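Let me begin by presenting the structure, written as structure tokens, before commenting on it.
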Amino acid sequence: MKILVCISKAPDTTTKVVFKDANTAFVEENVTWILNPYDEWYALVRALELKEAQGGNVTVLNVGAADNEAIIRKAFALGADDAVRIDAEPTDAFVTASNIASYAKDKNYDLILFGKETINYNGGEVGGMVAELLDLTYVSMASKLDIAGGVATMERDITNGVEIIEAKLPLVISAQKGMAEQRIPNMRGIMAARSKTIETVAANGASALSVTKQFELPAEKSGCKYYTADQMDELVQALHAEAKVI
Amino acid sequence: MAAKTDNFQHPDYYLMDDMLTDEHKLIRDTARAWVKKEVTPIIEQACQDAKFPKQWIKGLGEIGAFGPYIPTEYGGAGLDQISYGLLMQELERGDSGLRSTASVQSSLVMYPIYTYGSEEQRKKYLPKLATGEMMGCFGLTEPDHGSNPSGMLTNFKDMGDHYLLNGAKMWISNAPFADIAVVWAKDDAGDIRGIIVERGYAGFTTPETHGKWSLRASSTGELVFDNVKVPKENLLPNVKGLKGPLGCLNSARFGIAWGAIGAAMDCYDSALNYAKERIQFGKPIAGFQLTQKKLAEMITEITKAQLLCHRLGTLKNEHRATPAQISMAKRNSVNMALEVAREARQIHGGMGITGEYPIMRHMMNLESVVTYEGTHDIHLLITGMDITGLNAFN
């Protein structure tokens with residue numbers, strides 16, 4: 001089975017988020033970048049499990065600049081066989097999807113996996129766009145994935161229940177929590193990552209279809225207010241008028 | 001005790017990450033992820049129960065914590081000294097006892113077999129020690145010879161087709177479960193030699209030391225040799241004299257210098273978060289000058305120790321680090337970590353003495369680390385001798 005896992009970078013979850021240029025750009029200085037957890041923990045790890053059980057090959061693909069190679073090395077350390085970096089600035093979901101589709105269109109992947117979204121932009125658009133551009137079936141936010149006889153069986157979490165879906169390969173899937181358990185690289189993997197090469201592919205020249213006009217941080221949370229037992233009226237009033245929850 | 005989420009993030013006040021390679025960071029982050037998954041949830045209980053969780057051994061082997069700098073042909077990871085330091089930092093961030101287990105295996109068992117052993121010994125032991133399939137311990141300290149190991153009494157006699165080993169070693173990490181011991185003993189000529197003793201040799205026992213108030217999640221014991229017949233091929237052929245064990249200790253002390261920073265970082269991280277959340281007199285205690293003094297001094301000392309150790313790691317990679325430089329770093333880091341733990345304990349108030357926070361555990365652990373592998377005072381005398389040329393030991 002030939003599997004492509006598309007990976008993205010994301011700021012570490014403890015990053016202090018600051019914007020510049022009139023709130024149009026994220027300040028990237030001193031940000032620690034990690035492999036986007038949905039791509040890593042669920043999509044990549046499930047791909048590796050399928051390869052280990054059924055044989056095949058797992059290629060990871062990233063759209064971005066050369067400094068993304070640290071997260072690609074981590075994917076190698078976890079067990080990816082090959083890696084591709086498309087040397088394009090992923091300015092919007094379409095640029096990213098278009099570049100992935102251009103690369104993947106003649107590679108005959110059985111599965112193309114994405115995390116359901118990146119934890120910084122929460123767009124969740126790229127997987128669907130790639131499926132459309134390649135004219136493949138797309139299943140979003142799968143929390144379980146099994147493959148047998150060229151057919152994928154997936155679970156999706158729906159309100160108060162689970163939906164079970166079957167689809168023939170080839171297929172594009174975005175992965176949700178539950179599809180696999182986080183894996184910790186071992187030293188053999190980290191050492192193997194040293195000697196593997198990352199294939200660099202030129203951008204396809206696609207232009208962005210959308211522009212981020214501005215970012216806004218959520219309003220500062222106000223501190224905790226304490227009410228004593230004899231201030232019930234004030235508490236109810238505050239919940240109603242200030243917090244607007246009752 | 002309910003397992004808590006471990007949100008530890010290392011402080012990096014001087015952007016030291018810029019001095020590390022991507023591979024260094026991947027190794028460090030891997031060790032941290034493993035500690036968060038396998039150590040944090042159970043460490044408090046393991047310490048309360050004074051039990052070494054043996055399931056850690058396999059994981060330590062997998063993340064490369066056993067002999068990271070041993071060449072790959074012998075099963076090691078072939079990493080540099082900074083990688084080794086970072087691994088020790090992350091393990092000790094979890095617990096000094098955990099780091100001790102890894103230090104002993106790497107620096108006190110694998111290092112001497114690799115450095116002083118025969119090719120047969122290297123091939124026989126190192127690959128299994130690297131995975132944790134085989135565990136080792138190191139016998140130097142004796143009941144009456146700690147800081148002065150050259151006075152040791154343990155000895156072996158040449159019996160023609162084997163050696164006959166007699167004596168006892170004390171305060172030996174990993175002894176109760178170790179498969180082999182690298183033992184330092186005097187030969188017929190009175191020279192200190194290294195000899196590998198395997199579990200199962202008649203007359204060799206490893207009674208466990210109970211009742212420790214420190215390193216409770218690490219297993220400590222004695223090595224007792226009562227007319228133990230040791231095959232001649234178990235002698236480490238390539239070293240004679242005290243420089244053998246001291247070479248091992250150089251490697252181990254380097255790891256401790258980095259490791260103690262990990263314990264300090266954990267205490268600082270906990271104290272900083274606690275101080276920002278704990279409200280007294282109507283505001284977080286982090287807003288009071290005396291708390292800020294403690295926290296500011298902690299991060300200053302941690303940052304200084306990080307820079308010292310990074311420089312030492314570079315020197316060690318270039319084979320230029322002297323034993324005296326390593327002594328300085330070990331002494332500085334451990335003392336710093338102990339001070340940080342004590343100050344962090346005060347910031348936590350009463351909460352600091354409970355297992356809800358890692359502080360008291362680190363502090364009690366560090367009370368061992370400050371005297372093992374060369375005491376705080378002895379390391380001072382090593383620096384003193386190095387700069388004056390005068391021996392103040394005796």
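Each chain gets a letter, A, B and so on, in the order its sequence line appears, and its residues count up from 1. Basis for what follows: all heavy atoms, side chains included, without hydrogens, waters or symmetry-related copies. Fair warning: this is a prediction, and the values are worked out from it, not measured in the lab.
In this structure, A:Lys20 places its NZ atom where more than 12 heavy-atom neighbours from other residues, nucleotides or ligands lie under 6.0 Å away. Counting heavy atoms of neighbouring residues, nucleotides and ligands inside a 6.0 Å radius, atom NZ of A:Lys2 exceeds 12 of them. Annotation for A:Tyr121: atom OH does not count as buried by contact number, only 12 or fewer foreign heavy atoms lying within 6.0 Å. Atom CD of B:Gln55 has more than 12 heavy atoms from other residues, nucleotides or ligands within 6.0 Å. Atom NZ of B:Lys58 is surrounded by 12 or fewer heavy atoms from other residues, nucleotides or ligands within 6.0 Å. In B:Gln289, the CD atom is not crowded: 12 or fewer heavy atoms of neighbouring residues, nucleotides or ligands sit closer than 6.0 Å. Around the CD atom of A:Glu181, the shell of radius 6.0 Å holds no more than 12 heavy atoms that belong to other residues, nucleotides or ligands.
For B:Lys25, no part lies near chain A; criterion is any non-hydrogen pair under 4.5 Å. Of the atoms belonging to A:Ala77, it is side-chain heavy atoms, and not backbone ones, that fall under 4.5 Å from chain B. Residue B:Thr21 does not touch chain A at all, counting heavy-atom pairs closer than 4.5 Å. Residue contact with chain A, scored on non-hydrogen atoms closer than 4.5 Å, involves the backbone and the side chain of B:Ile27 alike.
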> Does the side-chain contact (heavy atoms from CB on, under 4.5 Å) test come out yes or no for A:Lys74 and B:Asp22, once each step is laid out?
Replying inline: CA-CA 9 Å; A:Lys74 182 165 189 199; B:Asp22 286 343; over 6 Å; no
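Residues A:Arg194 and B:Leu79 approach most closely at NH2-CD2, 3.2 Å, considering heavy atoms. Between A:Met187 and B:Ala77, the shortest heavy-atom distance links the atoms CG-CB, 3.4 Å.
Here CD1 of B:Ile279 is found 6.0 Å from OH of A:Tyr226. Values are rounded to the nearest 0.5 Å. Here the straight-line distance linking atom CZ of B:Arg32 with atom CD1 of A:Ile184 works out to 12.5 Å at 0.5 Å rounding. To the nearest 0.5 Å, atoms CG (A:Asn30) and CG (B:Asp17) are separated by 10.0 Å. Expressed to the nearest 0.5 Å, how far CD of B:Gln9 lies from OG1 of A:Thr15 amounts to 8.0 Å. Here A:Leu78 contributes atom CG and B:Leu26 contributes atom CG; the two are 8.0 Å apart, rounded to the nearest 0.5 Å.
A salt bridge does not link A:Arg73 with B:Glu23: every distance from a Lys NZ or Arg NE/NH1/NH2 to an Asp or Glu carboxylate oxygen is 4.0 Å or more.
In this structure, B:Ile63 and A:Asn186 have side chains that are not in contact, with every pair of non-hydrogen atoms separated by 4.5 Å or more.
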